[in-house]
Amino acid sequence: MGEIYNLIGLLSSFKAFWDEYKRYKIGILGIFLLIILIIISISAVILIPIDTFKQWHNPAYWTRYPKAALPSWINYFTNTKLPEHLILKEPLVMKSESGVIQIFNHIYTIQFNYDTFPDDFIFNYLIKYKGSPPLFELSIIRPDGDRLLLIITTLPPKPFNLEAYTFNGSIYSTDRVIRSNVAHYLSERIGESISIMDIAPQFVIFSEKPFKLDSKVLKGTYTFNATFYTFDKDDQLLTSELIIGGKVFGILGTDELRRDLLIGILWGTPVALFIGLSVATLAVFVGIVYGIVSGYYGKRLDEIMMRINDIIYSLPALPFLIILAISFGRNILLVVLYLTVFGWVGIAKVARSMALQIKTLAYIEAIELIGASKWRVMLKHIMPQITPYALASIALSVPSAILAEAGLSFLGLGDPTLPTWGQILHDAQLYGAAARGLWWWIIPPGVMIAITGLTFVFIGIAMDTVLNPRMRKI
Amino acid sequence: MGVSKFLISRALNMVLVLFATIFITIAIVGPTMDTILKRSIEIEVKASILQSKEVMIAFKDPKDLENYIQLQVRNAIESLGLNEPWYSPRRLWTVIWKLITLDLGQSYYLRSYSGSGNVREIILEALPRTILLFTTATILNSIIGILLGVIIARKSGSIIDKFASTFAVVSNSFPLWWVGMIMIIIFAYTFKLFPARATPLIPPSDPNYPLALIHHMILPLITLILIGFGGWTYVVRNIMIGVLQEDYITVAVAKGTPERKILYGHALRSAAPPIITMIALSSSGSLGGAIITEAVFDWPGIGRLYWNAVSVLDIPVIIGLTYITTIVFLISVFIADILYSVFDPRVKVG
Amino acid sequence: MVDLKVENLTTYFFTRRGVVKAVDNVSFNLKDESWGIAGESGCGKTTLGLSLLRLIPPPGRIVKGSIILGGEDLLAMDEQTFKNKIRWRKISMIFQSAMNALNPVYPIGYQLAEPLIYHYGFSKNEALNLVKDALKEVKLNPSLIYRYPHELSGGMKQRVVIAMALILKPEIVIADEPTTALDLIVQSQIINLIKRLKWESKISFILMTHDLSMISEIADKVAIMYAGKLVELGPSEQLYNDPKHPYTQSLLAAIPRLRGEKKKLIFIPGSPPDLIDPPLGCRFHPRCTHALPICKEKEPPITHLNDAMVSCWLYSE
Amino acid sequence: MLWYLAGCIVSNSLGSILLSVKGLRKWFPIRRGFLDFITMQPIRYIKAVDKIDFNIKKGEVFVLAGESGCGKTTTARLILRSIEPDEGSVIFNGMNVCNLRGEELKRFRRLVQTVFQDPYSSLNPRLSVFDILLEPLIIHNIRETNSERKEIVYKAMEEVKLTPIENFEHRYPHMLSGGQRQRLAIARSLILKPKLIIADEPVSMLDLSIRAEILDLMISLRDKYGITYLYITHDLSTARYIGDTIAIMYLGKIVEMGICEEVLSNPLHPYTQALIDAVLEPNPNNRFKEKKVRIIGEIPSPIDIPNGCRLNPRCPYVMEKCKLIEPPFIEFKPSHYVACHLLID
């Protein structure tokens, strides 16, 4: 009784609270982490186009990315340098004319100094033409000066009904023509005829001479030269893109569905903060109002309200969350609602016991005897005393809300329109990432869940220590 | 109020909560259950009619056949009482009566290892495995937690205390199932010490099955302890620190009571009621949380069963499981109450 | 022959807010008599009591001084010797609140038996038999040994706590507010019990309370404590009939009397200082009606007047 | 304006009865478990207040004294209508408090104020001194403008010597000493110009050195505004210092009542006598003799109240009759009432 009174006195101003709070290193650390998370969230929203995260569950969007690639920084720690997945979009552009013929050149120069071969390569281009179909030629110059013609072909004719035709073409290293050209090149060099079925062009193109099965990668500068011959003065080569399929990609690598995990992790941050904070705030608000009304009114109403509380407390939470998600849907707002339903119970109990304690303080009786209404007593004389506790319990409820949401998502019951950390782990589990050792798919989401949880745990513990005199050393 | 009275009133309370839980479960899954049930009856009836040639021949006009089918479906639905809504007293009573008598009905799709579709059998097959894993973990966790918690409570503020508290807080922030995945990477993928899937490959009828089960249990068990004991230690530490500040501890020190006796006698004995409650609650609470953990390790307990039931929407199994989980939970609460009254002579609840 | 000499005892609490000077240079000498230490809340009485038992909880520490009992310096002893020879055997304590001093989960018999078991190695049953005698001594029914604290009334619990302090037959018993939260009539019963113990068992009590009336019931000598310092000490008669220090004088004049002439009570304006930052000079000077300029600057020395000692500039040259 | 006039009327009519308590009874039922309900256990009661009568005259300090659990605080709550009586009536200023509703009750709340024992918990720690004093004015909608209200608040602060005002008005309770808080509590009770102040042990938690300050303040306010006090205490010495009339309670009953000085110097009831014996005095000669303790044991629980005279199991003069018949409350001497069989024959 005395304790709670002193506590309230101590916190009569925010400054007093802050002075006390900032003594706790753990609290400062919590705030520091929170700021980082907020920065991550803001930069995710600003830097990554909303389209990208909307495409998270659309496999077609991710075809240009490598499958289950390691993060690229892994090369700093290993002796064998793995090829980085390259998506090149800015070629050296050259254009020349001779008569009606225009020649567009897109030249990509890459330094390939890795120890293993690339997975494959893909060349995409976008060309607009009015006249006869353009001629397209793709060749490569190896570091040793050899030039390989990979393909020379005519683009499809312009459909009759169109005035100008915009054609989106893709050349894959696995294309039959390329394989055949490479086979030709190889048989010239080793003097044996090679069946094109046995050819994987990247192992030839990027290999040291002589071309043996155990030949190493030929390191150095490779030049990809794409040449288009067009036959109308308005024809244009719009864009092109060269993808060298690697085994490492970006900061966090990719998953089995070729998605860039960095995007998932970054976008997961605001989603997790939203879910954590909104569930915690709602639950604490409901819990506190419920607890105060129950504790202050007391008697029969209290009895009924606490029995209801008991029942919800006794429901096994996760099974019920699952049932709810299946029966009523799994939109993010609904998930927030479900988690709130199971989140407020404990807080209501604490708020009730605090209300009961505060109710015994003489100033409540004093103000009642002066003639204040019940609402005035609750709003002006009980609620403000519980507010600091509420803030602490919001902080302490966030981690469990985040964990619960992650659990639901992990079971595949998260909002299917959003990337969340739990869903990344769900997919990882689905594709047996753990048993296959795909650690980069598993570690970052878990670490993010833990860091976000810890942030609020730290803040909560510091606040709680300030608020709970028993735990505080004098 | 005496102890026996206290326990009886707790028991009555337990029954009340149990019924409320059943009602809520039925209310949530009821409507879904009805549509699914009706559709499957329709399909069944149609199939049986379309299969028997005699009946088919009897109808010349397809319209008559259609009407006949509709009639049969309606009869079947009525005979099951599905024409009434789920909240009608008759249906509620049937469900509740069945639950009380532990007649949990037949599953839609899931089968036990012996091939039975009886929900009770399916659950009773899985339950001991979950209890084996999670109760063992809870017991080990609580033992480690109590011993460690007492030690660091005595040295509160020391480096070991700070280290242990930090470990507790940090370990509690990681999802258990995530740590499970990491453990699989380390111990099953990298070092190949334990199998990655916790379900033994040999059938349950094999005499070596229990041994295999225990071998497969080690990795999940280590995970549960690694993640669990920190929290236990921290809670025990906090309770103990509170108790150690009490005047009667100072008195005990003054009287010359040896420190060991103070810690493990006076202090721990006073701290026992909340700790006992915690043991009882968490050993049953883990049944609910087992769903994800069992999914990660592929442990053949009720968690995975629940998960399977949810994935194929096997409603009788879902209801049965919810019911059994709640019963187990409430029984543990009740046991916690009994133990509380044993350990705390003050127990008097009005 | 009991001879307790406390010299310059100083106990500070090193808190985050600063150093709380709870007991500051306290000296007194107890010889086969009972002392009363009077002071208002927060003046350091309880800390003084715990210092004598070397039970100051962290962040508190005895900074300096000596406690000499029968020629031995208790503060120089190592903890084990002190625990085996002095604490509870020679000096024991009746703690402030009986309710909190008893462990709720043990029967009181066991709690009383503990000192016997751990100091003299009695078996549990032997000890319990002795406990029964001890309960009789404080006028309690011996059958209570199997009861739990919550089953006893306030007065009974207080008697149990007293029996516990006496169980090893110590020479000195510190009683810290032994009757707070007790009703008036029960308070008289407990005072009579202490008196009888004092007369019959020749125990020296050190009674610490805010209540000067209660001290007069028991103490042969009285010390008045203000803000961590002893301001006046002397024999009971001297102190009650002819108080010297302005603080003592005001305290006595502030006690409402039930008997005799109805007099106007006086009060001391202001409130006791914060022990982290006590006033310079005499700690009482901001509330003192007789304050001299020097009181604000220098701490008053101890002046001997007849049998009494007073720390006040009014009495020193 | 009414509240202002009310004060003038009171000072003119000293001696007439302000508050009259008649046959007041409050038994608290002991909460029965579900099981008790099924097994038809009879309801048991805590007989906190069991038919008491007394009158408080205008302008006097009426002391209600007794040990803890004797029902004195429950009596105060019944008078304040913080709880409802089972039986009996409380007539304040001609109106039956037990029947008040709505606006009338609010008016009553304005005229009767309280001061509590614990100066630490009786003030809202989140409000400043100024806001604490403003609160009653807001609740009762007294004076419209802020400046008028400010004036009233400042006046009350001056009245209880919380000066200089600018030093105190923005402080929070935890920045005040115990005595200052209690003065603030008195100022709060004063601000609505009440006729009756119920002071429940207002000094028992204060240090000895400042008790007199509060008691003197209370007396000076009585002299200045003709306020009547119901002073509730277990401490007979302060009762004598401040009281005019005293009633001694034991287990829910008043056992003796009369002029303070008279009752305390010539106590008639064995319980009163025992209480007076038990009061400590600062006299060094006391240590040579045992204190006289007339009655044995401790107060029984108010659930198991003995038959007959409630004191009979503890009373040194107990007679057969005491165990059977409850003694009537008689006027043994003029204005000195007592309930004891010893005095009837």
Side-chain angles (χ1 to χ4, degrees), chain C residues 34 36 38 40-43 153-156 179 181-189 191-192 195-196 198-199 210-220 222 235-241 247 250-260 262-272 287, chain D residues 65-70 161 176-180 203 205-217 219 234-242 260-261 264-265 271 274-301 314:
Chain C
S34 285
E40 295 177 286
S41 52
C43 73
S153 71
M156 287 157 103
T179 64
L182 292 182
D183 271 328
L184 213 53
I185 290 170
V186 180
Q187 174 180 297
S188 296
Q189 295 165 353
I191 287 174
N192 280 344
K195 277 183 177 176
R196 217 168 305 137
K198 180 185 140 186
W199 295 330
H210 66 281
D211 189 345
L212 276 169
S213 314
M214 166 129 53
I215 284 180
S216 78
E217 296 280 343
I218 288 160
D220 307 306
V222 184
S236 247
E237 282 80 6
Q238 157 79 37
L239 199 118
Y240 283 97
N241 298 334
Y247 179 61
S250 318
L251 268 188
L252 282 168
I255 303 174
R257 310 289 175 109
L258 189 62
R259 301 174 186 91
K262 205 163 146 180
K263 272 185 286 195
K264 180 141 178 66
L265 299 180
I266 71 140
F267 59 87
I268 311 173
S271 48
R287 301 174 76 189
Chain D
E67 294 178 286
S68 57
C70 71
K161 302 196 184 60
L176 304 178
S177 70
Q180 287 165 344
V203 296
M205 280 179 79
L206 299 178
D207 270 329
L208 184 64
S209 63
I210 46 180
R211 279 187 193 174
E213 186 183 5
I214 301 297
L215 294 175
D216 287 351
L217 175 66
I219 294 174
H234 68 278
D235 178 2
L236 296 179
S237 313
T238 57
R240 180 185 181 222
Y241 187 69
I242 193 174
C260 215
E261 204 59 50
L264 295 178
S265 50
Y271 179 66
L275 275 186
I276 288 173
D277 289 339
V279 172
L280 300 174
E281 296 265 298
N283 179 353
N285 295 327
N286 288 346
R287 70 182 196 270
F288 301 115
K289 53 179 191 285
E290 278 204 17
K291 275 200 78 65
K292 195 168 175 188
V293 182
R294 270 181 231 243
I295 64 175
I296 52 169
E298 292 174 53
I299 296 194
S301 139
R314 303 175 70 193

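In this text the structure is predicted, and so the values were computed from the model without any measurement. Proteins come first, then strands; the chains are lettered A, B, ... in the order of their sequence lines, and each starts at number 1.
Counting heavy-atom pairs closer than 4.5 Å to chain C, the top residue among D:Thr238, D:Ile276, D:Leu236, D:Ile210 is D:Ile276. Ranked by heavy-atom pairs under 4.5 Å with chain C, the list D:Ile299, D:Leu275, D:Leu215, D:Asp235 is led by D:Leu275. Of the listed residues D:Ala274, D:Gly297, D:Ala239, the one with more heavy-atom pairs under 4.5 angstrom with chain C than any other is D:Gly297. When the candidates C:Gly154, C:Gly260, C:Pro269 are compared by the number of heavy-atom contacts under 4.5 Å with chain D, C:Gly260 comes out ahead. Interface summary for chain C: among D:Gly179, D:Gly178, D:Ser68, D:Ser265, the most heavy-atom pairs under 4.5 angstrom belong to D:Ser68. Contact count against chain D (heavy-atom pairs under 4.5 Å) is highest for C:Gln189 among C:Gln189, C:His210, C:Met156. The candidate from D:Lys291, D:Glu261, D:Lys289 with the greatest count of non-hydrogen atom pairs under 4.5 Å with chain C is D:Lys291. In terms of heavy-atom pairs under 4.5 angstrom with chain D, the leader among C:Ile215, C:Ile218, C:Leu212 is C:Ile218. Between chain D and the options C:Gln187, C:Arg259, C:Lys264, heavy-atom pairs under 4.5 Å are most frequent for C:Arg259.
Nearest heavy-atom pair across D:Glu67 and C:Ile185 is OE2-N, 3.4 Å. Shown here for D:Arg287 and C:Glu237, the closest heavy-atom pair between the two residues is NH1-OE2, 3.2 Å.
In this structure, chain D has a heavy atom under 4.5 Å from the backbone of C:Ile266, while its side chain stays farther away. With a 4.5 angstrom heavy-atom cutoff, C:Arg287 touches chain D only via side-chain atoms. Of the two parts of C:Lys263, only the backbone, made up of N, CA, C and O, holds a non-hydrogen atom closer than 4.5 Å to a non-hydrogen atom of chain D. The part of C:Ala219 that comes within reach of chain D is its backbone (N, CA, C, O), which places non-hydrogen atoms under 4.5 angstrom from that chain. Residue D:Gln180: no heavy atom, backbone or side chain, is found under 4.5 Å from chain C. For D:Asp216, the part lying under 4.5 angstrom from a heavy atom of chain C is the side chain only. Of the atoms belonging to D:Leu264, it is side-chain heavy atoms, and not backbone ones, that fall under 4.5 Å from chain C. Contact of D:Ile296 with chain C is made through the backbone alone, with heavy-atom distances under 4.5 Å.
Looking at C:Lys195, C:Arg196, C:Lys198 one by one, the single match for salt bridge (Lys or Arg N to Asp or Glu O under 4.0 Å) with D:Glu290 turns out to be C:Arg196. A side-chain contact (heavy atoms from CB on, under 4.5 Å) with D:Leu280 holds for exactly one of C:Asp211, C:Leu184, C:Leu258; it is C:Asp211.
The distance from atom CG of C:Asn241 to atom CG of D:Asn285, rounded to the nearest 0.5 Å, is 7.5 Å. One distance of note links CZ of C:Phe267 with CG of D:Leu217; it measures 9.0 Å at 0.5 Å rounding. Separation of atoms CG (D:Leu206) and OG (C:Ser271) is listed at 11.5 Å; rounding is to 0.5 Å. A distance of 8.0 Å separates CG of C:Asp183 from NE2 of D:His234, quoted to the nearest 0.5 Å. Going from atom CG of D:Asp207 over to atom CD1 of C:Ile268 covers 9.0 Å, rounded to the nearest 0.5 Å. Atom CE of C:Met214 is separated from atom CG of D:Asn286 by 12.5 Å, given to the nearest 0.5 angstrom.
When side chains are defined from C-beta on, D:Pro284 does not count as touching C:Gln238, because their heavy atoms never get closer than 4.5 Å. C:Leu252 places a side-chain heavy atom less than 4.5 Å from the side chain of D:Pro282.
Between the side chains of C:Ser216 and D:Asn283, not a single donor N or O lies within less than 3.5 Å of an accepting N or O.
Side-chain atoms of D:Arg211 do not come within 3.5 Å of backbone N or O of C:Ala254 as any donor-acceptor pair. Formation of a donor-acceptor pair under 3.5 Å by the C:Glu40 side chain with backbone atoms of D:Ser209 is found in this model.
In D:Lys161, the NZ atom is not crowded: 12 or fewer heavy atoms of neighbouring residues, nucleotides or ligands sit closer than 6.0 Å.
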